[in-house]
Amino acid sequence: MTTRVQMIIETLRDNPKRTFTAREMAELFIERYPNEIKEKQKNPRYRNHNELIAQLAAEIGGERTQAAKNQCKNIATKDKPRPRLYHWLEDVTIPDAINSTTFEKPNVHSSIGDSGTDVPILSEQELYPLLIKFLAEDTGLFCKRIDERKSRNTQGAGGNHWLHPDIVALETLDKNWSSVVRDCVRNSNDAFVRLWSFEVKKDLNKGNVRKSFFQAVSNSSWANYAYLVATGLDSAVEGELQMLAGLHGVGVLILNTQSLFDSQILIPARERNNIDWLSVNRITEENKDFDSFIDQVGIYIQTGRITKSLWNS
């Protein structure tokens, strides 16, 4: 059976003029390797074609990409801007083993799991640290998890429905500025920070897409940038998301749990120029985590000081 590493090498070798995202390569795997993919297609876990593609794309990233590079120096990736792009380097001598489509067998002690085993299904709570890691490393955001269980619930049962975002973040625009410019801006009315807010879901489908989106609208629209995050989505709902994003400005980010480098912003959020401080105050009064977040934002605005131990990133 052809392994995922072999599929990566062969597909790029046979398409030397093209670049691929992980999803595009996954689509091609189904065409090129129908026998190898057939058993996976029978798995009831994948309710539709898009979920299967999301799984295959996850299997392409991470350690399998590195294994392909180790076996064949022609394999190349470009990580920025996102998503990661895969391509074939033609000016590298191709080993005879690659030309003859034979490959060294994977080390049986390797942790790569190249047999194409399924990526574990993660709970929504398990996605939070992965999203924080991606945001911190990819965009330099300082992130904080908002635990709704720490809320006071002063409004009674249901009073805080859709109030809390899952993750909030501070973006510091002045980190590379000179001290003279930084001090000048701090004494002006110009903004030198942006606030981000994220609502996280495992996946988006016809049954939950509108509910999930409007939950993000409700708990995240106060920020400069608001995002709905999922590990995958049914292709049938992308048009609905584009329409809703156009109306409300909330963006959509697809989190690749097996290869965070391959995560991508599917729909960019529309920037809100001014923070909705009334909404911020509402959440702050109810939730200790959010109160701590706003406190740290205020400290940074006043002093330029970041206490990293108080952030999750």
Query raised in the report: Is the shortest heavy-atom distance from the side chain of Ile8 to the side chain of Phe29 under 4.5 Å?
Result: yes

Query - Spatial distance of atom CD (Glu31) from atom CD1 (Ile37) [nearest 0.5 Å] - result: 11.5 Å

Report task. Check for a donor-acceptor pair, side chain of Tyr227 on one end and backbone N or O of Ala269 on the other, with a separation under 3.5 Å. Result -> yes

Requested in this report: Check whether any side-chain heavy atom of Leu52 lies under 4.5 Å from a side-chain heavy atom of Ile30, and answer yes or no.
Outcome: yes

Query raised in the report: Got a second to check how far Leu241's CG is from Arg210's CZ, nearest 0.5 Å?
Result: 10.0 Å

Query raised in the report: Under 4.0 Å between a Lys/Arg side-chain N and an Asp/Glu carboxylate O for Lys288 and Asp147?
Result: no

Query - SB check Lys206 Glu240 (cutoff 4.0 Å) - result: no

Query raised in the report: Any side-chain heavy atom of Leu89 sitting closer than 4.5 Å to one from Lys73?
Result: no

Query raised in the report: Are Lys201 and Glu199 close enough for a salt bridge, meaning some N to O gap below 4.0 Å?
Result: yes

Query raised in the report: Do Ser151 and His164 have side-chain atoms, one donor and one acceptor, less than 3.5 Å apart?
Result: yes

Query raised in the report: Any Lys/Arg nitrogen of Glu286 or Arg282 sitting under 4.0 Å from an Asp/Glu carboxylate oxygen of the other?
Result: yes

**Report entry** Nearest-0.5 Å distance, CG of residue Leu131 to CD of residue Glu126
**Finding:** 14.0 Å

Query raised in the report: Between Glu90 and Lys17, is there a side-chain N and carboxylate O pair less than 4.0 Å apart?
Result: yes

Query raised in the report: Do Asn15 and Phe20 come within less than 4.5 Å of each other through their side chains, counting heavy atoms only?
Result: yes

Query raised in the report: Any donor and acceptor pair, going by atom type alone, linking the side chain of Glu10 with main-chain N or O of Met7 inside 3.5 Å?
Result: no

**Report entry** Single-linkage hydrophobic cluster Leu85~Ile60, side-chain heavy atoms < 4.5 angstrom
**Finding:** no

Requested in this report: Check Ser220 against Phe198 and note the closest heavy-atom contact, atom names and distance.
Outcome: OG-N, 3.9 Å

Query raised in the report: Any idea which heavy atoms bring Ala57 and Asn256 closest together, and the distance?
Result: O-ND2, 4.0 Å

Report task. For the pair Asn312 (side chain) and Arg145 (backbone), establish whether a donor and an acceptor sit closer than 3.5 Å, ignoring hydrogens and angles. Result -> yes

Requested in this report: Begin from the C-alpha positions of Thr11 and Tyr33 and carry the test side-chain contact (heavy atoms from CB on, under 4.5 Å) through to its verdict.
Outcome: CA-CA 10 Å; Thr11 299; Tyr33 308 100; 3.9 Å; yes

Query - Smallest separation among heavy atoms of Phe192 and Ile301, with atom names - result: CZ-O, 3.5 Å

Report task. Check step by step if side-chain contact (heavy atoms from CB on, under 4.5 Å) holds for Arg32 and Asp14. Result -> CA-CA 11 Å; Arg32 290 172 57 94; Asp14 295 344; 2.8 Å; yes

Query - Val252 vs Gln242, side-chain contact (heavy atoms from CB on, under 4.5 Å): CA-CA, chis, key distance, verdict - result: CA-CA 9 Å; Val252 178; Gln242 292 283 1; over 6 Å; no

Query raised in the report: So, does Asp203 use its side chain to make a donor-acceptor pair with the main chain of Thr231 at under 3.5 Å?
Result: no

Query raised in the report: Side chains of Thr21 and Arg84: does their closest heavy-atom pair fall under 4.5 Å?
Result: no

**Report entry** Qualifying residue, where the test is side chain to side chain contact (heavy atoms under 4.5 Å, CB included) with Val280 and the options are Thr284, Ile283, Leu278
**Finding:** Thr284

Query raised in the report: Is Leu170 close to Leu141 at the side-chain level, that is, under 4.5 Å between some pair of heavy atoms?
Result: no

Query raised in the report: Is Thr303 reaching over with its side chain to a backbone N or O of Arg305, donor-acceptor style, under 3.5 angstrom?
Result: yes

Query - Approximate separation, where rounding is to 0.5 Å, of Leu163 CG and Ile146 CD1 - result: 10.5 Å

Query raised in the report: Has the side chain of Ser218 got a donor or acceptor atom that lies under 3.5 Å from a matching backbone atom of Phe214?
Result: no

Query - Contact summary for Glu148 and Asn287, nearest pair of heavy atoms - result: CA-ND2, 3.9 Å

**Report entry** Short side-chain to backbone donor-acceptor contact, Asn74 and Trp88, under 3.5 Å
**Finding:** no

Report task. Is it possible for you to say whether Met243 and Phe213 belong to one hydrophobic cluster, with membership spreading through side-chain heavy-atom contacts below 4.5 Å? Result -> yes

Query raised in the report: Taking Asp276 for the side chain and Trp222 for the main chain, is one N or O donor matched with an acceptor at less than 3.5 Å?
Result: no

Report task. Sequence neighbours left out, what passes salt bridge (Lys or Arg N to Asp or Glu O under 4.0 Å) with Glu238? Give chain and number order. Result -> none

Report task. Please check if Ile299 and Leu173 belong to a single hydrophobic cluster, counting links between Ile, Leu, Val, Met, Phe, Trp and Tyr side chain heavy atoms closer than 4.5 Å. Result -> no

Query raised in the report: Between the side chains of Thr19 and Lys78, is a donor N or O closer than 3.5 angstrom to an acceptor N or O?
Result: no

Requested in this report: Mind listing the closest non-hydrogen atom pair of Arg270 and Ala245 along with its distance?
Outcome: NH1-O, 3.7 Å

**Report entry** Residues Val250, Leu244; criterion side-chain contact (heavy atoms from CB on, under 4.5 Å); working and verdict
**Finding:** CA-CA 8 Å; Val250 173; Leu244 293 172; over 6 Å; no

**Report entry** Flag, side chain of Asn205 to backbone of Asn208, donor-acceptor distance under 3.5 Å
**Finding:** yes

Report summary line: Nearest heavy-atom approach of His87 to Leu12 is O-CD1, 4.0 Å

Requested in this report: Starting at CD1 of Ile267, measure out to CG of Leu253 and round the result to the nearest 0.5 Å.
Outcome: 11.0 Å

Query raised in the report: Looking at side-chain heavy atoms only, is the closest gap between Leu204 and Leu228 below 4.5 Å?
Result: yes

Requested in this report: First locate atom OH of Tyr128, then atom SG of Cys143, and finally report the distance between them rounded to the nearest 0.5 Å.
Outcome: 14.0 Å

Query - 4.5 Å side-chain heavy-atom contact, Tyr225 and Glu271 - result: yes

Requested in this report: Say whether, by atom type as modelled, one donor and one acceptor occur between the side chain of Asn219 and the main chain of Gln215 under 3.5 angstrom.
Outcome: yes

